[in-house]
Every structure is written in C-alpha cells, then in structure tokens.
Amino acid sequence: MITDSWGRRYNVEMQVANKRDMDKRARQYLFKLMEDGFLRRRQEYEELHAAYVIFILPFDPKGKGLKRYSFVYTAKEDPSVELNDGSEIIYLNTKGAKGKVKPGLDDLYRLIEGKPTSNGKFISRVKETMNNYRRTEEWRKHVMNTEEVAEAAKQLGMEEGLITGVQNLISVLRDYGEDNQNILQQLKQKYGNTFSDKQLEDFLKQS
C-alpha cells in the first residue's frame, strides 16, 4: 500500500494469472484501502482520501484490447453519471493496443513484455530500482528459493516418469508370463540405481 503527499492511497500489484475472481479480488483490496483510511472522530466526509487499486496485467482481462481499463461507480440508467466517492479500480493491460497511456507507462509495458524501451526518466528510474533490488539479500533469497522450487518440481517430474517406466515394465513382463521373482530381478537390474529393493518390491505388489 502506498500513500502519496496528498493522502491518496494506492494498492499496486502485478497479477500474473488470469483468474476468474480477479474483479472480486480487486474489490477486496479496495475495501481494505478504504477500511484503513476510515475517518477519525470529528473528521468531515470530505476529508476521505481517494483510493486506487491498480493491477498490472500481462494479459487482457476483458478481451477488448484496451491498454487501460478504469472502473468507477456509474448509474446503470446513465453510465455518464458517476458516483464521485474517490475510488477507482484500474487494470493496466501490457498486451493492449487500443487507447493511449503516458509514455512512461507505455515503456513499462514494453519492459514487462521484454521489448526495447526508451531512455526516458521514468523507465530509467524503474530499471535502476530493479538493479538495486537485485543486489539485496532479499532478492538473493527469493532467487534461491525459486531455483529450489524449480529443481524440486523437476526432480518430482523425473521420479514420476521413472515410476511410470517401472509400472510399464512390470505390465509387459507379466504379459510375457514372467513370475514375480524374475520380474523383480529385472527391475533391480534396470532401476536398482534409482530405487531401493524395498521400493521395487512395493511397486511389484501394487501392480
């Protein structure tokens, strides 16, 4: 959550997955901003500050090709009539081609999409901030954790593939009339370096 010098409150997040409940997620974030900014005693309603939820999205959330979707409360009977409560939900679509956004924001879209950017002041500050963050301990821990998760997923996938291979071999050998003793012997020869004798015996019992 960010508060600027005018007291306006922002929740800015990158949402990488296009989930069906994203609109309600945005509403929840907006409510939290409003809740945190409730008036204290003797304050006037006009002192309520504006609240913005901004999602940066590497996908088109509404399928209309807009670079930016800005949502405010309007009258159903006449959408040109707005409820001026100072709240707004904004979806920034990096895939968008329609509409205009500021050059700095367009540069941010290009950066997220892996495309060349200008050397403008805003994007240069973004890149500098990113480079500084990459030198922090927090970033190193994040990278290490990400690599560990990826390696664990890789190992899990490899193990599942090997288990499938064991099961297929058992099935084929049984089709050829081999008894369990001979099957177990062949499993040990082929998969003995990967699985223990007990694991192979368990696979045989379960198949």
Side-chain angles (χ1 to χ4, degrees), residues 1 11-33 53-67 69 89-97 108-117 126-127 129-207:
M1 195 269 289
N11 186 309
V12 183
E13 290 195 13
M14 183 85 172
Q15 299 287 330
V16 297
N18 189 0
K19 298 181 179 178
R20 289 180 298 177
D21 63 352
M22 190 172 64
D23 292 345
K24 291 184 178 179
R25 179 190 297 259
R27 186 185 73 176
Q28 174 72 11
Y29 289 4
L30 182 60
F31 176 79
K32 187 66 169 64
L33 282 180
V53 170
I54 303 173
F55 284 174
I56 303 171
L57 309 170
F59 56 85
D60 191 336
K62 298 299 178 182
K64 298 296 183 180
L66 298 177
K67 291 184 176 183
Y69 297 89
I89 293 174
I90 300 170
Y91 293 162
L92 300 178
N93 171 27
T94 67
K95 303 290 188 185
L108 180 62
Y109 286 5
R110 297 181 67 82
L111 179 66
I112 293 171
E113 292 295 316
K115 299 176 181 177
T117 66
V126 171
K127 290 179 179 178
T129 301
M130 291 171 62
N131 289 333
N132 289 338
Y133 180 61
R134 289 191 181 105
R135 290 192 285 267
T136 65
E137 181 65 22
E138 182 182 3
W139 172 258
R140 284 193 290 272
K141 289 180 179 178
H142 170 73
V143 171
M144 288 177 63
N145 184 61
T146 302
E147 290 176 348
E148 288 172 0
V149 170
E151 181 62 25
K154 179 181 176 182
Q155 293 299 327
L156 179 60
M158 291 175 60
E159 183 172 326
E160 287 178 347
L162 288 168
I163 291 173
T164 300
V166 170
Q167 293 169 337
N168 289 340
L169 180 57
I170 293 172
S171 177
V172 169
L173 293 174
R174 279 189 172 154
D175 287 344
Y176 277 96
E178 296 285 354
D179 58 31
N180 284 348
Q181 185 176 354
N182 287 333
I183 293 175
L184 182 59
Q185 186 63 32
Q186 294 196 49
L187 290 177
K188 290 179 180 179
Q189 291 177 359
K190 186 171 180 61
Y191 294 103
N193 293 331
T194 306
F195 298 107
S196 67
D197 288 357
K198 186 178 185 311
Q199 285 177 306
L200 293 173
E201 290 170 2
D202 289 340
F203 291 146
L204 189 57
K205 291 177 183 177
Q206 296 165 7
S207 297

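Just so it is clear, the model here is predicted, and its values are computed rather than measured. These numbers come from the heavy atoms of this one structure, side chains and all, not from hydrogens, waters or symmetry mates.
In this structure, CG in Leu204 is found 13.5 Å from CD in Gln199, a value given to the nearest 0.5 Å. Glu201 CD to Lys188 NZ: the interatomic distance, rounded to the nearest 0.5 Å, is 6.0 Å. Going from atom CE of Met22 over to atom CD1 of Ile89 covers 10.0 Å, rounded to the nearest 0.5 Å. Going from atom CD1 of Ile54 over to atom CG of Leu30 covers 11.5 Å, rounded to the nearest 0.5 Å. Remark: Ser196 OG to Asp202 CG distance equals 7.5 Å, nearest 0.5 Å.
Asn180 is not listed as a side-chain neighbour of Lys205, based on a closest heavy-atom distance of 4.5 Å or more. Within the 4.5 Å cutoff, no side-chain heavy atoms of Lys95 are placed close to those of Tyr109. With contacts defined as side-chain heavy-atom distances shorter than 4.5 Å, the pair Pro58/Met14 qualifies. Side-chain atoms of Asn93 and Phe59, non-hydrogen and from C-beta on, never get closer than 4.5 Å to each other.
Shortest non-hydrogen contact noted between Leu111 and Thr117 is N-CG2, 3.7 Å.
Under the salt bridge (Lys or Arg N to Asp or Glu O under 4.0 Å) criterion, Glu13 pairs with no residue at all, not counting sequence neighbours. A search for ring-ring contact (aromatic ring centres under 6.0 Å, His included) contacts involving Tyr29 returns Phe55, not counting sequence neighbours. Under the side chain to side chain donor-acceptor pair (under 3.5 Å) criterion, Lys190 pairs with no residue, sequence neighbours left out.
In summary, the side chains of Lys67 and Thr94 do not present any donor paired with an acceptor at a separation below 3.5 Å, with no hydrogens or angles considered.
Without hydrogens or angle criteria, Asp179 side chain to Asn182 main chain gives a donor-acceptor distance under 3.5 Å. With Asn11 contributing its side chain and Val53 its backbone, the two residues share no donor-acceptor pair below 3.5 Å. Looking only at distances, no side-chain donor or acceptor of Gln206 sits under 3.5 Å from a matching main-chain atom of Phe203.
Comment: Lys64 does not engage Asp60 in a salt bridge, judged by the lack of any side-chain N to carboxylate O separation of less than 4.0 angstrom.
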Open item on the list: Apply side-chain contact (heavy atoms from CB on, under 4.5 Å) to residues Arg27 and Asp23 and explain how you reach the verdict.
Closed with: CA-CA 6 Å; Arg27 186 185 73 176; Asp23 292 345; over 6 Å; no

Task: Intermediate values then yes/no, side-chain contact (heavy atoms from CB on, under 4.5 Å), Tyr69 and Leu57 - done: CA-CA 11 Å; Tyr69 297 89; Leu57 309 170; over 6 Å; no

Open item on the list: Is there a side-chain contact (heavy atoms from CB on, under 4.5 Å) between Ile112 and Ile56? Walk through the geometry before answering.
Closed with: CA-CA 10 Å; Ile112 293 171; Ile56 303 171; 3.6 Å; yes

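More than 12 heavy atoms of other residues, nucleotides or ligands lie within 6.0 Å of NZ in Lys62, so this atom counts as buried by the packing criterion.
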